[in-house]
Amino acid sequence: MLEHVRRLTALTPTINLSILETNLQRCQWVNQFKQILSQMILTGFITDTYAASRLINFSTHSNFIPFYYSLKIFNHLHNPNTFIWNTVMRSHLEHHNSPHQAINFYKLFLLQNTPPDHYTYPILLRSCAARVSEPEGQQIHDHVVKSGFDSDVYVRNTLINLYAVCGNMVSARKVFKESLVLDMVSWNTLLAGYVNVGDVGEAEFVYDRMPVRNTIASNSMIVLFGRKGCVVKARRLFDLIEGKDMVSWSALISCYEQNGMCEEALVLFVNMNVCGVMVDEVVMVTAISACTSLSVVLMGRSVHGLAAKVGIQDYVSLQNALIHLYSSCGEILDAQKLFNGGVLLDLVSWNSMISGYLMCGLIEDAKTLFDSMVEKDVVSWSAMISGYAQHGCFTEAVTLFQEMQLLGIRPDETALVSVISACTHMAALDLGKWIHAYISKNKFQVNVILGTTLLDMYMKCGCVENALEVFYAMEEKGVSTWNALILGLAMNGLVEKSLNMFEKMKNTTTLPNEITFMGVLGACRHMGLVDEGRRYFSSMTQEHKIEPNVKHYGCVVDLLGRAGLLKEAEELIESMPMAPDVATWGALLGACRKHLNNEMGERLGRKLIQLQPDHDGFHVLLSNIYASKGNWSNVLEIRGNMAHHGVVKIPGCSVIEANGTVHEFLAGDKTHSQIKDIELMLNVVAAKLKIEGYAPITNEVSLDIDEEEKETALFSHSEKLAVAFGLITIPPPAPIRIIKNLRICNDCHTVVKLISKAFDREIVIRDRHRFHHFKHGSCSCLDFW
DNA sequence: ATAGGGTTAG
């Protein structure tokens, strides 16, 4: 080592201040720096405090010298002066993102009996501000007062900033008021504090009383107006600014963007370029974000091109925004190209790419990338879990959540929401309850989204009591919360309570939306409240100015149809501004059958089968109409057509009893004993039905099932029907598979309707899409939202 | 030396 040093110093035997300055100016590599350092140690020049401070200053400000070098030099100094201490502390704060270390160095500094100067405290106060740590800041404030630097205007301004950043405007204002000297920075800092806490009144008060209003102050006000949704005020202020700078434009553009006025944001961005104002990566990120919201990939490409032209395309934030843009617009290859070619990628880039893949449905690619990550954060896990949940991979979502638990990573709200929604879809009540307990145990804040998701889960799993508990415990409730409550109660048959809750909602400031009215109209339908249904329907359009959607119409058509108002129902269908969906027509056809209006039923049924021959529902509805009149030859004709069109489906669903017990019915991982109960039930029904003299139309149906389908599910719907009519015996239990995208078919409906009639028992069946509520041999459905 | 603008998971 010593030999090495000697060899190096032999090249430049002497050193003094001017040689040091020259050498440092030329220094571009770590080895050159090492050479200078060795020389200084060997000549003893390092003990010259000023020379040492030049060396430290250089090393902390260069980007090629590792920070531990600076610290090593620092440790070798015998008597570092205040300047050197300040340099090291500032370096921790500014270049190494460790304000905590800056404060630790201050503690060492105090032990040295070296007096701090007026540069020392601003550095420390900024460190506290960076950590948003008011108690630490308060301590430094005490030191400031003791050391007498509290009259320094720089120190006072950084104190105002500290309290402002921590949101303590009382203290910020106190420091401001007690200042003998106030400059523009003091005013702007106080103003920025009120902007930070979102206090428009106080901010305007300060802004109006400023002796001089410069561009920085006006820009702050634009930001505030933008955050508060006062777009017009922001624009007016922008137009009044004499010397608009890049930040003024940037602030207004992001004001538009944040308030959903993305076209205006882009127009302003183009204008900014036309006016020859310089653009940087910050304003470009905002512009790209606006392009993403509007899905205008071409505009995004031109911003990308501009960034390349200006030479700032390598900024990580810009690349991340572009990855997000391209994957949102389905241009996943462009996103991938950016990601693979990115030089300076960060965690956000990886997370954006993962969510980009997920957005495009490339689940495997997302998982591969996720697995290859060396360092994952909560966002990575949440993105992956919620991606799984959104694509119906509920088992995978839950498995990944459990993996995350095993690694001891605390999930965030997104992960919890996603996994609860997976539980909702799978009717995995036990796991859902476990997660609820986990949330309570770990003191997670149950906010609107999380609370609503839990409430929704309990409602959709039939646990009304638990759902209500969650509802009442929630401090803040959003429209989605009320919707989950109102719809959930209606779904579970508590219709009166559902309507009561809607009346309660009217007393709050939360306005109902189209989903709320789905619940309300659905409740009226369950109860057969024709007048109320009509009234709510008109209040939705008249008072609340909500355009009814297909489902709203369908609901009212069903309500009218059930009440026997077939003509009115048909007229409503004809008045619809959009094409009626299958359920709407189904409601009217079902009503025709119930009210024995064969003329209308046959007319509509024949028309619909012609329009949509591949839909099993219409065939069944028409055959039911014939069956109710005993026209068996017509029934067989329609059933034959069904087989011809290949529309016989395999069903699957879960049955939820009023007490919340969930039975997997026809599919799902359940024990044989539960199936046996159902078998037993069906056989009893079969016996009853036979006595009542139903015709065995199921002969035909069971023949329609092909061998392949038989292997897929243990209970095909035709077998069930056959069982119900006592025509065949149940085959020995085979392993039951979970069938995805379960859908209750019409024959399954028929069976359960019969059960509900025979046992005079209400049954609620839930599949992936809706609740089926069976009562007295008829069924009404409420769709999920 | 202290004051103003942006992005990612749902």
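Each chain gets a letter, A, B and so on, in the order the sequences are listed, and its residues count up from 1. Note that the coordinates shown come from a computational prediction; the quantities given were computed from them, not determined experimentally.
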Do Asp456(A) and Lys460(A) meet the salt-bridge criterion of a basic N to acidic O distance under 4.0 Å? yes

Do the side chains of Glu204(A) and Arg209(A) get close enough for a salt bridge, i.e. N-O under 4.0 angstrom? no

Ignoring hydrogens and angles, answer whether the base of dT2(B) and the side-chain atoms of Asn157(A) contain a donor-acceptor pair closer than 3.5 Å. yes

Distance in angstrom units between Phe370(A) CZ and dT8(B) P, rounded: 20 Å

Looking at Arg126(A), does any N or O in its side chain come under 4.0 Å of the phosphate oxygens OP1/OP2 on dA1(B)? no

Of all the nucleotides listed (dA9(B), dT7(B), dG5(B)), which has the minimum atom distance to the side chain of Ser250(A)? dG5(B)

Between dA9(B), dA1(B), dG6(B), which nucleotide has the shortest distance from any of its atoms to the side chain of His118(A)? dA1(B)

Where along residues 306-331 of chain A does a heavy atom fall under 4.0 Å from DNA chain B? Ser317(A), His324(A)

Can you tell me if the side-chain N/O atoms of Arg227(A) get under 4.0 Å from OP1 or OP2 in dG5(B)? yes

At under 4.0 Å between heavy atoms, what does Thr215(A) touch on the DNA or RNA strands: base, sugar-phosphate, or nothing? base

Would you classify Met246(A) as touching base, sugar-phosphate or nothing, given that sugar-phosphate means primed atoms plus P, OP1 and OP2, and contacts are heavy atoms under 4.0 Å? base

Could you tell me whether Arg213(A) and Asp208(A) make a salt bridge, using a distance below 4.0 angstrom between a side-chain N and a carboxylate O? no

Within this structure, what is the CZ-to-P distance between Phe401(A) and dA9(B), rounded to whole angstrom? 20 Å

Tell me the interatomic distance from Met284(A), atom CE, to dT7(B), atom C1', rounded to whole angstroms. 14 Å

Once you apply a heavy-atom cut-off of 4.0 Å, does Val223(A) come out as touching a base, just sugar-phosphate, or nothing? sugar-phosphate

Salt-bridge test for Arg156(A) and Asp152(A): reply yes if a basic N is under 4.0 Å from a carboxylate O, no otherwise. no

If you measure from the Lys or Arg side-chain nitrogens to the Asp or Glu carboxylate oxygens, is any gap between Arg173(A) and Glu202(A) under 4.0 Å? yes

Expressed in angstrom and rounded to an integer, what is the separation of Glu281(A) atom CD from dG5(B) atom P? 14 Å

Looking at the base of dG10(B), is there any donor atom on it, or on the side chain of Ser386(A), that sits under 3.5 Å from an acceptor on the other one? no

Output the rounded distance in Å from CE (Met221(A)) to P (dG5(B)). 13 Å

Gln258(A) side-chain N/O to dG5(B) phosphate OP1/OP2 under 4.0 Å: no

Check this for me: Phe444(A), atom CZ, are more than 12 non-hydrogen atoms of other residues, nucleotides or ligands nearer than 6.0 Å? yes

Side-chain heavy-atom pair Glu331(A), Gln336(A) within 4.5 angstrom cut-off: no

Report yes or no: is there a donor-acceptor pair, N or O only, under 3.5 Å between the side chain of Asp280(A) and the base of dG5(B)? yes

Where along residues 166-190 of chain A does a heavy atom come under 4.0 Å from DNA chain B, residue by residue in number order? Val185(A), Asn188(A), Thr189(A)

Can a salt bridge be assigned to the pair Arg235(A) and Glu264(A) using a cut-off of 4.0 Å between side-chain N and carboxylate O? no

Met353(A) CE to dT7(B) P: how many Å, rounded? 21 Å

